[in-house]
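As the structure is a computational prediction, the values presented were derived from the model and not from experiment.
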Amino acid sequence: MTYTTPSVPPMRLAASTLAQLPISGPSYARDKVQIGIVHFGVGGFHRAHQAMYVDQLLEKGLANEWGICGVGVLPADRRMADVMAAQDGLYTLLLEHPDGHREARVIGSIVDYRYAPDDPEGVIELLASPSTKIISLTITEGGYNIDAPASDPNVFGLVTEALARRRERGVGSPTIVSCDNIEGNGDVARNAFTTYAERRHPGLGDWIAANTRFPNSMVDRITPVTTPEVIATVENEFGVADQWPVVAEPFTSWVLEDSFSAGRPPYEEAGVLLVDDVTPYELMKLRLLNAGHQALCYFGYLAGYRLVHDAAADPLFAGFLLDYMDSEGTPTLRPVPGIDLADYKRTLIERFANPGVRDTIVRLCFGSSDRIPKWLLPVVRENLKTGAPVRLSAAVVASWARYAEGVDEQGEPIDVQDQLADVLMPLARSQRDHPTAFIEYTELFSDLATEPRFVEAYLWALDSLHRHGARATLESLRS
């Protein structure tokens, strides 16, 4: 990737420089925007997706009471707090189009940011305020385990204390909107928050169940990690010195169940699809796009690819992805109103192959033990139940097991990033002598190691990966 040298030094991004920036940004008066949404987990995806939609509404003068306050709870969130403070909550959204051209806009919808460990009481009071009408979340697929060790304060503790105060003060409940890639994410959030609240304040769980809405949602936009190259592009091509811009593909989608406790922004005016039932859309996305990423990443890494677009542009990998989506993913879906599934699947391959996004294989391999059980194993179980094929899905699981051995096909170490790595890597390394060791880990796979159709396909793929490698295995699966 080449960069041009700007004729003038890049301008530092801040509220005081907004009017002089060489790219478009908020034309609305940010100091007049009130906080109506508190969001936990302000990373790249939230800034490229939900905050972008609110920014569009603010531009239209439709959301002045729906500004966003971001909240961080993890140690890693302190840097975001520092950047948000330095840039007055502003950041650049850079869109990379498949034909190579780029768009950049400064987003202004995040009007405040709090780092909860510095002032947990202030965050609780913000959450308890009647003006806070939506609490939204991107806390990752693994963030809903209320029994796992967590930082103190944590999302559940902060929200629970705020809801307890709202109940005591006679203040109505906000809506809690999960935007994580989990089937039935609103239902999962409802169960997690009510269970946690009941443990802390007996009776509060019942109050939440009666008063708090947890709409399900489907969110979709490929958003890779911000790299130094992205920061350099924003500086050199657009003349903006932004400490933490976010890059994304041009495609974006948000399907949201229209069920809110205390009102909502007019999301439909920004292109959000408000529906009565999100299920068909979320299954489509989770079992085709998210599971498709899993089908690509382990085989891709083992075959030597490190960037998603390079693997997706390889006809062998693209063909395997389409085979999986057509023969195993699609049969588990419900009819999806308004969606041409054949076109959606073709577009997915094009999106994966977008060279401008430069998404990494390693990012897709991160946290597999959270992802595969939620995105791919439901496909396996449904197809086992109905007698549909599981051969390709089983091969994807085998590719994960082979990747989890921690050594690639050239004998080089693989840095396996997974919260269960200490458990899974020893199991994977034992599978040359005990081939079903990995899938016998019932915490993730339940009884799949006793399903003959799945085990037969899994063992064939694992053996082929060991004997012949990833590329030859895919060639056999496609023949």
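Between the side chains of E161 and H201, at least one donor N or O lies within less than 3.5 Å of an accepting N or O. A side-chain N or O of S178 and one of Y144 form a donor-acceptor pair less than 3.5 Å apart. Of the N and O atoms on the side chains of K374 and N290, not one donor lies less than 3.5 Å from an acceptor on the other residue. Side chains of D55 and Y28: a donor on one and an acceptor on the other come within 3.5 Å. In this structure, a donor-acceptor pair under 3.5 Å is absent between the side chains of E257 and S217. With 3.5 Å as the limit, one finds no donor-acceptor pair spanning the side chains of N216 and E282. Residues Q417 and D415 bring a donor and an acceptor atom of their side chains to less than 3.5 Å of each other. Residues H49 and T223 have side chains that never bring a donor and an acceptor to within less than 3.5 angstrom of each other. A side-chain donor from one of Y298 and S368 sits under 3.5 Å from a side-chain acceptor of the other. No side-chain donor from either of R213 and T175 sits under 3.5 Å from a side-chain acceptor of the other. Judged by distance alone, the side chains of T138 and H46 never bring a donor and an acceptor atom under 3.5 Å apart.
Looking only at distances, a side-chain donor or acceptor of E198 sits under 3.5 Å from a matching main-chain atom of G205. Remark: the backbone N or O of W254 is not paired with any side-chain donor or acceptor of R221 at under 3.5 angstrom. For the pair R334 (side chain) and P280 (backbone), a donor-acceptor distance under 3.5 Å is absent. Looking at Y91, its side chain does come within 3.5 Å of a backbone N or O of R47 through a donor-acceptor pair. A donor-acceptor contact shorter than 3.5 Å links the side chain of T132 to the backbone of L126. Side-chain atoms of S259 do not come within 3.5 Å of backbone N or O of P215 as any donor-acceptor pair. A donor-acceptor pair under 3.5 Å is formed between the side chain of R166 and the backbone N or O of G172. Of the possible polar contacts, one joining the R371 side chain to the F366 backbone as a donor-acceptor pair under 3.5 Å is found. T332 contributes a side-chain N or O that, together with a main-chain N or O of G329, makes up a donor-acceptor pair within less than 3.5 Å. Checked by atom type and distance alone, the side chain of E235 never pairs as donor or acceptor with a backbone atom of V240 at under 3.5 Å.
Closest non-hydrogen pair, R287 versus P378, comes out as NH2-CB, 3.5 Å. For the residue pair F352 and A312, the shortest heavy atom distance occurs at CB-CB, 3.5 Å. Residues L307 and I361 come closest through the heavy atom pair N-CG1, 3.7 Å. Contact detail for V71 and Y113: the closest heavy-atom pair is C-OH, 4.0 Å. The nearest pair of heavy atoms linking A63 to L57 is CB-CB, 3.7 Å. When all heavy atoms are compared, the tightest approach of A291 to Y324 is CB-OH, 3.4 Å.
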Exercise for the section: Could you please spell out the steps behind the side-chain contact (heavy atoms from CB on, under 4.5 Å) verdict for L348 and L288? Expected result: CA-CA 8 Å; L348 278 184; L288 298 182; 3.9 Å; yes
Exercise for the section: Verify side-chain hydrogen bond (donor to acceptor under 3.5 Å, both in side chains) between T252 and Y53, making sure each step is shown before the conclusion. Expected result: CA-CA 10 Å; T252 183; Y53 283 103; 3.0 Å; yes
Exercise for the section: Evaluate the criterion side-chain contact (heavy atoms from CB on, under 4.5 Å) for residue pair V219 and F45; output intermediate values, then yes/no. Expected result: CA-CA 10 Å; V219 297; F45 184 77; 3.6 Å; yes
Handout entry: side-chain contact (heavy atoms from CB on, under 4.5 Å) assessment of V247 paired with V357
Key = CA-CA 7 Å; V247 63; V357 173; over 6 Å; no
Exercise for the section: Mind running side-chain hydrogen bond (donor to acceptor under 3.5 Å, both in side chains) on S136 and Q50 for me, showing each step along the way? Expected result: CA-CA 9 Å; S136 55; Q50 299 98 32; 5.9 Å; no
Practice task
Kindly indicate, with the supporting measurements, whether the criterion salt bridge (charged side-chain N to carboxylate O under 4.0 Å, His left out) is fulfilled by D118 and R78.
Solution key: CA-CA 10 Å; D118 286 347; R78 183 174 288 281; 2.9 Å; yes
Practice task
Decide side-chain contact (heavy atoms from CB on, under 4.5 Å) for T360 and V308; before the verdict, give the C-alpha distance in whole Å, the side-chain angles of both, and the deciding distance to 0.1 Å.
Solution key: CA-CA 5 Å; T360 64; V308 175; 5.8 Å; no
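Atoms CZ and CD, from R351 and E249 in turn, are 4.0 Å apart once rounded to the nearest 0.5 Å. To the nearest 0.5 angstrom, C179 atom SG is 11.5 Å from M218 atom CE. Note that the OG1 atom of T140 and the CG atom of L74 stand 8.5 Å from one another [nearest 0.5 Å]. Separation of atoms OH (Y344) and OG (S253) is listed at 7.5 Å; rounding is to 0.5 Å. A distance of 8.0 Å separates CZ of F214 from OG of S261, quoted to the nearest 0.5 Å. Between the CG atom of L286 and the CG atom of N181 there is a distance of 6.0 Å, given to the nearest 0.5 Å.
Under the 4.0 Å criterion applied to side-chain N and carboxylate O atoms, R114 and D112 are assigned as salt-bridge partners. Salt bridge E96/R358: absent, no basic N to carboxylate O contact under 4.0 Å. Note on E405 versus R402: salt bridge recorded, some NZ/NE/NH1/NH2 to OD/OE distance being below 4.0 Å. Salt bridge status for R12 with D242: absent, with no side-chain N to carboxylate O gap under 4.0 Å.
Between V83 and Q87 there is a side-chain heavy-atom pair separated by less than 4.5 Å. Between S109 and L58 the shortest side-chain heavy-atom distance falls below 4.5 Å. Residues F260 and V177 have side chains in contact (heavy-atom distance under 4.5 Å, counting atoms from C-beta outward). In this structure, the side chains of L444 and L420 come closer than 4.5 Å at one or more pairs of heavy atoms. Counting heavy atoms from C-beta outward, N154 and V73 have side chains that stay 4.5 Å or more apart. Using a 4.5 Å heavy-atom threshold, the side chains of C297 and F299 count as separate. By the 4.5 Å heavy-atom criterion applied to side chains, F238 and L94 are counted as neighbours. L448 has its side chain within reach of L377: a pair of non-hydrogen atoms, C-beta onward, lies under 4.5 Å apart.
The number of heavy-atom neighbours closer than 6.0 Å to CG of D99, taken from other residues, nucleotides and ligands shown, is above 12. Other residues, nucleotides and ligands contribute more than 12 heavy atoms inside 6.0 Å of the CG atom of D340.
Between Y305 and F317, the distance separating the two ring centers is shorter than 6.0 angstrom. Note: F156 and F193 meet the aromatic proximity criterion, with ring centroids under 6.0 Å apart.
Ring orientation note: the planes of F445 and W400 are tilted relative to one another, at an angle of 30° to 60°.
Under the side chain to side chain contact (heavy atoms under 4.5 Å, CB included) criterion, D31 pairs with A29, sequence neighbours left out.
With a 6.0 Å cutoff to the six-membered ring centre and a 45° limit on the axis angle, R79 counts as a cation-pi contact of W244.
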